[in-house]
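A short worksheet on the structure shown next.
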Amino acid sequence: MDTRATESFDTLVVGAGYAGSIMAERLATQCGQRVLVIDRRDHIAGNAYDYYDEHGILCHRYGPHIFHTQAEKVWNYLSQFTEWRPYEHRVLADVDGQLLPIPINRDTVNRLYGLELETEEEMEAFLAERAEPRERIENSEDTVVAKVGWDLYEKFFRGYTRKQWERDPSELNASVCARIPIRFNQDDRYFTDEYQALPAEGYTAMFERILDHPNIEVRLNTSLDAIRDEIQFDHLVYTGPIDEYFGHRFGPLPYRSLHFEFQNHPTPGGGTVHPTGAINFPSADVPYTRITEMRYITGQVAESSTLAVEYPRTEGDPYYPVPQPENRELYKRYEALGAEEPSVTFVGRLARYQYLNMDQVVGQALSTFEKLVESGGVKPAVAS
Ligand code: FAD
Ligand code: UDP
């Protein structure tokens, strides 16, 4: 007698990050489904996972995560599970021996070139003189050079991008460097979204509440391969890399990874090490891209401070899909395979191979759930 497949769930969710946890929460609370969430890591929260290090400092294991959104719907949804601590991120770039605001703004240009541009119009005119107009903005070099010209591009973007992606900006989609605006004013915030805050007790605590439901079971240190034949389920929600799901049938999709070096420094009296939350290092001569001081982001006051230094890597956990036309083509082939499996829902940054921020993944999970309900793929618990 086959003793396997004795346990049964309505939905198996692979991945306990935003995409998986929110799908589980929706299916359990709105449809009354029994949901099993697995993750091969030993923790929930995916790449947003945070923890207290051996010095008692709240750290983000997979790199600094700063929540920001324009979407009221996303904000309201997450606010069911957390209080917030307002935080506006500021970054300085280490360029030509100075620490200068990035995104580039009027102060950046004034300090770099020893100028006194006083108005937005003057800044606009300064950049217009140097910008190299491009008929079409097809890649990340076009994005920047068309707005600010070669010198600022070389100083702030080229080296950083080549380190982060191991590709020249001219090989990457325009959207990559377009994440960083160019400003004529003196606004030195990294983001200008309406909502900018961190979960008051951290991301992991927020995820504990998202997943805290009698119909949701979470199993960690568990991979899809290990459990697939041992349980029964009607519906699979998959939030891991899509090429891995299909056994890399068409070849691997490229991802970029990072190595994080955490350094703890004494800060008697509760001060900080750096003048701002993060310092970017665009120079090709420095092996890392940025250093983030965790306590700026979390608001924690302590006698020591932990810095996270980011070294880009090819090998390692897949963190970033690589936005290039040829990778999109390859993804499309996997997506077509996915479309042939109606009982599998692919959602999230890795499953959709999209360079998405946290809020965008929350929005994608919420709309994916809504579409499942609309299509009759899942049934709400109470008919309206
Ligand atoms: P993930 O968080 O990657 O979750 C997927 C989970 O699935 C993982 O835990 C993985 O272990 C699990 N899994 C995969 N395959 C399997 C399998 N076969 N079996 C079992 N489990 C599996 N966004 C922002 O908004 N602001 C930021 O400041 C920010 N900073 C970032 C910094 C870095 C360095 C990185 C890498 C990302 C950053 N992001 C930021 C993006 C953010 O991390 C993602 O948008 C978000 O975490 C994606 O959620 P997800 O659920 O799609 O994927
Ligand atoms: N970038 C850059 N110089 C900087 C900051 C960013 O060239 O000082 C480019 C680089 O290609 C980077 C992209 O802009 O990968 C997006 O930056 P962001 O800070 O949004 O990256 P993330 O936080 O997602 O790693």
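All ligand and atom numbering here is 1-based and tracks the order in the structure. For the single chain, residues carry numbers from 1 onward in sequence order.
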Partner of L99 by side-chain contact (heavy atoms from CB on, under 4.5 Å), out of V91, N280, I279: I279
Derivation and outcome, ring pair (Phe, Tyr, Trp, His ring centres under 6.0 Å), residues F346 and Y245: CA-CA 10 Å; F346 295 90; Y245 182 86; 5.2 Å; yes
Ligand-residue contact atoms, ligand 1 with P64, heavy atoms, under 4.0 Å: 28 (O), 29 (C), 30 (N), 31 (C), 32 (C)
Per-atom contacts of ligand 2 with N280, taking only distances under 4.0 Å to non-hydrogen atoms: 4 (C), 5 (C), 8 (O)
Subset of ligand 1 atoms that lie under 4.0 Å from at least one heavy atom of Y320: 33 (C), 34 (C)
Identity and distance of the protein heavy atom lying nearest atom 19 (O) of ligand 2: Y190 OH, 2.6 Å
Subset of ligand 1 atoms that lie under 4.0 Å from at least one heavy atom of T239: 5 (C), 7 (O)
Atom 7 (O) of ligand 2: the protein heavy-atom neighbour that sits closest, reported with distance to 0.1 Å: T161 OG1, 3.0 Å
Ligand-residue contact atoms, ligand 1 with V361, heavy atoms, under 4.0 Å: 45 (O), 48 (C), 49 (O), 52 (O)
Aromatic ring pairing Y255/Y353, orientation class (parallel under 30°, perpendicular over 60°, tilted between): perpendicular
Nearest non-hydrogen protein atom, atom 3 (N) of ligand 2: F156 O, 2.9 Å
Proximal ligand 1 atoms for L258, defined as those under 4.0 Å from one of its heavy atoms: 34 (C)
Candidate with minimal heavy-atom separation from atom 17 (O) of ligand 2, of V91, D94, L258, I180: I180
Residue and atom name of the nearest protein heavy atom (relative to atom 25 (O) of ligand 2), distance in Å to one decimal: Y320 OH, 2.5 Å
Pairwise distance CD1(I57) to CG(D50) - rounded to 0.5 angstrom: 13.0 Å
Aromatic plane relationship, F250 with Y334 - under 30° parallel, 30 to 60° tilted, over 60° perpendicular: tilted
Residue pair Y51, T204: steps toward the side-chain hydrogen bond (donor to acceptor under 3.5 Å, both in side chains) verdict: CA-CA 8 Å; Y51 65 101; T204 307; over 6 Å; no
salt_bridge(E326, R167) N-O dist < 4.0 Å: no
Aromatic ring pairing F191/H89, orientation class (parallel under 30°, perpendicular over 60°, tilted between): parallel
N or O contact, I66 vs ligand 1, cut-off under 3.5 Å: yes
Within residues 351-376 or reaching into it, pairs that qualify as salt bridge (Lys or Arg N to Asp or Glu O under 4.0 Å) - sequence neighbours excluded: K73-E370
Salt-bridge criterion met for K332 and E335 (N-O under 4.0 Å): yes
Shortest protein heavy-atom distance from atom 7 (O) of ligand 1, along with the residue and atom involved: G15 CA, 3.2 Å
For atom 25 (O) of ligand 1, closest protein heavy-atom neighbour: M358 N, 2.7 Å
Contact (N/O only, under 3.5 Å) between D39 and ligand 1: yes
Part of Y62 within contact of ligand 1 (heavy atoms, under 4.0 Å): backbone
Which segment of T222 sits under 4.0 Å of ligand 1 when only heavy atoms are counted: backbone
Polar atom proximity, D359 to ligand 1 (N or O, under 3.5 Å): no
Which residue and heavy atom of the protein sit nearest atom 23 (O) of ligand 2, plus the separation: R290 NH1, 3.0 Å
Heavy-atom nearest neighbour in the protein, as seen from atom 20 (O) of ligand 2, with distance rounded to 0.1 Å: R179 NE, 2.8 Å
Where ligand 2 meets Q164 - atom numbers and elements under 4.0 angstrom, heavy-atom basis: 15 (O)
Residue pairs, two or more places apart or on separate chains, that pass salt bridge (Lys or Arg N to Asp or Glu O under 4.0 Å) and touch residues 123-145: E132-R134, R134-E141, R134-D142, R136-E138
Structural part of S21 in contact with ligand 1, heavy atom criterion under 4.0 angstrom: neither
Aromatic plane relationship, W84 with W75 - under 30° parallel, 30 to 60° tilted, over 60° perpendicular: parallel
Protein contact to atom 13 (C) of ligand 2 [nearest heavy atom, distance to 0.1 Å]: V176 O, 3.6 Å
Nearest protein heavy atom under 4.0 Å from atom 2 (O) of ligand 1, yes or no: yes
Structural part of N357 in contact with ligand 1, heavy atom criterion under 4.0 angstrom: both
Protein contact to atom 15 (O) of ligand 2 [nearest heavy atom, distance to 0.1 Å]: W165 NE1, 2.9 Å
Contact partition for N357 relative to ligand 2, non-hydrogen atoms under 4.0 Å: neither
Salt-bridge contact R61-D317 (side-chain N to carboxylate O under 4.0 Å): no
Step-by-step ring pair (Phe, Tyr, Trp, His ring centres under 6.0 Å) determination, F207 to Y18: CA-CA 8 Å; F207 275 83; Y18 279 98; 4.7 Å; yes
Pair Q33, T11: side-chain N/O donor-acceptor within cut-off below 3.5 Å: yes
Parallel, tilted or perpendicular: ring planes of H43 versus Y49, cut at 30 and 60 degrees: parallel
Atom indices of ligand 2 within 4.0 angstrom of F157 heavy atoms, with elements: 2 (C), 7 (O)
Part of Y355 within contact of ligand 2 (heavy atoms, under 4.0 Å): side chain
